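Working notes, beginning with the structure itself.
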Amino acid sequence: MKKCRFMWNERKNIRMLWRFCLVGAGNTFVDFVVFFLLASFGISALLAQVCSYTAGVVNSYVWNRMWTFQVKQKANVGEFLRFLIVNVLSLAVTLLLLFLCRDVGQWPLFAGKLAATLGGIAVNFAGSRFWVFASKPSHS
């Protein structure tokens, strides 16, 4: 019986991971749309990047909270701050891995970027699942 419960939880976590990745793809889309829309209005690239990245982070928070991890409690500032901390930590991990792969290991750019991205996804998913949105999700 315990093994079945574990397997169900494992499948549920895999489903969450897929949802997390789909939300990530959506965040990238939001980031690009906002960036190029602002740039087309003559906004500087750096300001457009700040605005578009922020839009992607807000999109990520909303969709991961509602859909990926299905949190039912009311949102609060502490939760959002934990979310931002996890995203900054994820960024730091990606930068470190990219540096180690490219500059130290002399990996090809694509391989380094892939390793950094996978590391960032792992940190972001684990942090979101077990710290930011740690409450039990509803069944669906």
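Basis for what follows: all heavy atoms, side chains included, without hydrogens, waters or symmetry-related copies. Bear in mind that the values here come from a model prediction, so they are computed numbers and not experimental data.
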Treating [X] as the side-chain partner and [Y] as the backbone partner, does any N or O pair qualify as donor plus acceptor under 3.5 Å?
X      : Y      : value
Thr117 : Lys113 : yes
Thr54  : Val50  : yes
Asn124 : Gly120 : no
Arg19  : Trp67  : yes
Asn27  : Val23  : yes
Arg65  : Gln70  : no
Ser40  : Leu37  : yes

Do [X] and [Y] share a hydrophobic cluster, counting only Ile, Leu, Val, Met, Phe, Trp and Tyr and linking them when any side-chain heavy atoms are less than 4.5 Å apart?
X      : Y      : value
Tyr53  : Val93  : no
Phe133 : Trp63  : no
Leu98  : Val104 : no
Val123 : Phe80  : no
Ile43  : Val30  : yes

Taking all atoms of both residues into account, what is the closest heavy-atom pair of [X] and [Y], and its distance?
X      : Y      : answer
Ser128 : Phe20  : OG-CE1, 4.1 Å
Gln106 : Asp103 : NE2-O, 2.9 Å
Ala39  : Ala48  : N-CB, 4.4 Å
Ile85  : Trp131 : CG2-CZ3, 3.9 Å

### Task
Decide yes or no for Arg102 and Leu109: does some side-chain heavy atom of the first lie under 4.5 Å from some side-chain heavy atom of the second?
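Yes, side chains in contact.
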### Query
Are the side chains of Leu47 and Leu38 in touch, meaning some heavy atoms are under 4.5 Å apart?
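SC-SC contact between Leu47 and Leu38 ruled out.
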### Query
Given Arg129 and Thr68, is the side-chain contact (heavy atoms from CB on, under 4.5 Å) satisfied, shown in steps?
CA-CA 9 Å; Arg129 173 71 175 99; Thr68 305; over 6 Å; no
### Message
Quick one, Leu95 with Phe99, criterion side-chain contact (heavy atoms from CB on, under 4.5 Å). Give me CA distance, side-chain angles, the key distance, then yes/no.
### Response
CA-CA 6 Å; Leu95 291 171; Phe99 170 75; over 6 Å; no
What's the spacing between [X] [atom1] and [Y] [atom2] if we round to 0.5 Å?
X     : Y     : atom1 : atom2 : result
Phe83 : Ser60 : CZ    : OG    : 3.5 Å
Tyr61 : Arg82 : OH    : CZ    : 8.5 Å
Arg11 : Asn13 : CZ    : CG    : 11.5 Å
Leu17 : Leu22 : CG    : CG    : 10.0 Å
Glu79 : Lys74 : CD    : NZ    : 12.5 Å

### Query
Crowded around Phe41 CZ? As in, over 12 foreign heavy atoms under 6.0 Å?
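Result for CZ/Phe41: open.
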### Query
Between the side chains of Asp31 and Ser52, is a donor N or O closer than 3.5 angstrom to an acceptor N or O?
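A donor-acceptor contact under 3.5 Å links the two side chains.
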